[in-house]
Amino acid sequence: TCTLYHVALRLMGYSCSGRVALLCIISRSMSLRRIIDLLVGLFCLLLAAPSMIIIAVLIKRDSAGPIFYIPKMVGQHGSLFPLFRFRTMYADLSHHRDGPQHFTPVGRFIRNYSLDHLPMLINLVFGHLTLVGPRPMELAIVDFRTPVWRTYLSVKPGLVNYAVLKLGKMWTPSRATHRERNQTLELEYMQKQTWWSDVTLFVQSISALIASKGNVKARKEPDMTLE
């Protein structure tokens with residue numbers, strides 16, 4: 001029988017099976033984290049599939065344009081990857097005013113509840129993202145020449161991020177200032193990151209999503225400290 005475990009092995013490129021396969025995976029660097037990412041990603045993607053199909057249909061009915069917004073992001077060691085998100089804005093912005101009017105009715109709703117992030121589970125399954133890590137950044141704002149960015153890109157970006165959870169209502173109007181604070185917090189987390197801190201952050205992120213009904217940015221700063 002083809003189990004979720006065997007599907008995960010095939011997606012990772014392993015041909016061995018049973019206990020031998022598990023030993024092969026664990027013996028390789030970072031492979032345990034990868035198998036956890038993959039299994040959690042497949043499980044969540046399976047759970048979210050009905051909702052994602054409904055959202056995709058609503059987006060197509062709501063406005064002309066693609067279902068997904070797929071920017072190019074910078075991953076670990078500077079590799080580029082497509083980040084999958086549901087489209088929340090009108091495809092042709094020339095006919096719409098600046099500001100909130102850019103958002104479609106469906107887009108405004110799914111953005112309010114962070115449902116536009118559901119397709120990022122695809123990135124988690126394919127290994128572009130890990131469960132917990134620094135926020136993925138767009139190519140236009142990354143300066144590969146600076147040591148800070150090289151450190152930031154030394155690890156895989158995450159589906160869940162310390163900066164997003166830590167900042168809460170502290171988001172600033174200035175995008176440049178926000179990026180600097182985001183980067184500082186992510187680097188702080190990377191320096192003190194442990195398996196336990198990753199588990200804690202993941203659990204707190206789920207709790208924050210539930211408490212804020214999906215809008216983590218609109219809630220107060222949670223009490224998470226790094227030891």
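If you're wondering where the values come from, they're calculated on a predicted model, not measured in any experiment. Atoms considered below: every heavy atom in the structure, side chains included; atoms not considered: hydrogens, waters and symmetry mates.
The distance from the CG atom of Leu32 to the CG atom of Asp37 is 9.5 Å, given to the nearest 0.5 Å. In this structure, CD1 in Ile122 is found 11.0 Å from CG in Leu129, a value given to the nearest 0.5 Å. Taken from CH2 in Trp149 to CE in Met137, the straight-line distance is 4.5 Å, to the nearest 0.5 Å. Taking CD1 from Ile67 and CG from Leu58, the interatomic distance works out to 10.5 Å, rounded to the nearest 0.5 Å. Interatomic distance, CD1 of Ile55 versus NZ of Lys60, reported as 15.5 Å (0.5 Å rounding). In this structure, the separation between CZ on Phe126 and CG on Leu38 is 9.5 Å, given to the nearest 0.5 Å.
Within the 3.5 Å criterion, the main-chain N or O of Pro119 finds no donor-acceptor partner in the side chain of Arg85. At distances below 3.5 Å, not a single donor-acceptor pair connects side-chain atoms of Glu138 with backbone N or O atoms of Met73. Put simply, the side chain of Arg108 gets close to the backbone of Phe103: a donor and an acceptor are under 3.5 Å apart. Judged by distance alone, with hydrogens and angles left aside, the side-chain atoms of Lys156 form no donor-acceptor pair with the main-chain N or O of Val132 at under 3.5 Å. Judged by distance alone, the side chain of Tyr189 and the main-chain N or O of Ser197 form a donor-acceptor pair under 3.5 Å. Between the Tyr152 side chain and the Pro147 main chain, no donor and acceptor come within less than 3.5 Å of each other.
A chain of hydrophobic side-chain contacts below 4.5 Å, direct or via other Ile, Leu, Val, Met, Phe, Trp or Tyr residues, connects Ile70 to Leu45. By the rule that hydrophobic residues join a cluster once side-chain heavy atoms approach within less than 4.5 Å of another member, Ile36 and Leu201 end up as members of one cluster. In the hydrophobic clustering of ILVMFWY residues, with side-chain heavy atoms under 4.5 Å counting as a link, Trp196 and Phe202 come out apart. Side-chain heavy atoms closer than 4.5 Å link hydrophobic residues (I, L, V, M, F, W, Y) into clusters, and following such links, even through other members, never connects Met52 to Leu46. Val199 and Met190 fall into different hydrophobic clusters, where Ile, Leu, Val, Met, Phe, Trp and Tyr side chains are chained together by heavy-atom contacts under 4.5 Å.
Considering all non-hydrogen atoms of both residues, Pro82 and Asn123 come closest at O-ND2, 2.7 Å. Residue Phe81 comes nearest to His128 through the heavy atom pair CD1-CB, 3.5 Å, listed as atom of the first residue, atom of the second, then distance. Looking at every heavy atom in both residues, Ala64 comes nearest to Ala91 through O-CB, 3.5 Å. The two residues Ser154 and His77 have their closest heavy-atom pair at O-CE1, 3.7 Å. When all heavy atoms of Gly158 and Pro136 are compared, the pair lying nearest together is O-CD, 3.8 Å.
Between Asp198 and Arg33 there is a salt bridge, since a side-chain N of the basic residue sits under 4.0 Å from a carboxylate O of the acidic one.
The side-chain contact (heavy atoms from CB on, under 4.5 Å) test with Pro134 is passed by exactly one of Leu153, Val155, Leu187: Val155.
Within the 4.5 Å cutoff, the side chain of Thr130 has no heavy atoms near those of the Leu159 side chain. Residues Leu139 and Lys72 form no side-chain contact, since every pair of their non-hydrogen atoms from C-beta on lies 4.5 Å or further apart. Considering only heavy atoms from C-beta on, Gln204 comes within 4.5 Å of Thr200 through its side chain. Phe86 has its side chain out of reach of Leu115: every pair of non-hydrogen atoms, C-beta onward, lies at least 4.5 Å apart. By the 4.5 Å heavy-atom criterion applied to side chains, Leu124 and Leu131 are counted as neighbours. No side-chain heavy atom of Asn161 sits less than 4.5 Å from a side-chain heavy atom of Leu185.
Relative orientation of the Phe68 and Phe84 rings is perpendicular, given thresholds of 30° and 60° on the angle between their planes. Using bins of under 30°, 30° to 60° and over 60° for the plane-to-plane angle, the ring pair Phe109/Tyr113 lands in the tilted bin.
Heavy atoms of other residues, nucleotides or ligands lying less than 6.0 angstrom from CH2 of Trp195 number more than 12.
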(request) Take Val74 and Ile141 through the test side-chain contact (heavy atoms from CB on, under 4.5 Å) and record every step on the way to the result. (result) CA-CA 10 Å; Val74 184; Ile141 66 173; over 6 Å; no
(request) Before giving the answer on side-chain contact (heavy atoms from CB on, under 4.5 Å), spell out for Tyr162 and Glu186 the whole-Å C-alpha distance, their side-chain angles and the decisive distance to 0.1 Å. (result) CA-CA 6 Å; Tyr162 175 68; Glu186 296 291 18; 4.0 Å; yes
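Applying the side-chain hydrogen bond (donor to acceptor under 3.5 Å, both in side chains) test to residues at least two apart or on different chains, the pairs with a partner in residues 62-71 are Asp62-Thr104, Ser63-Arg87.
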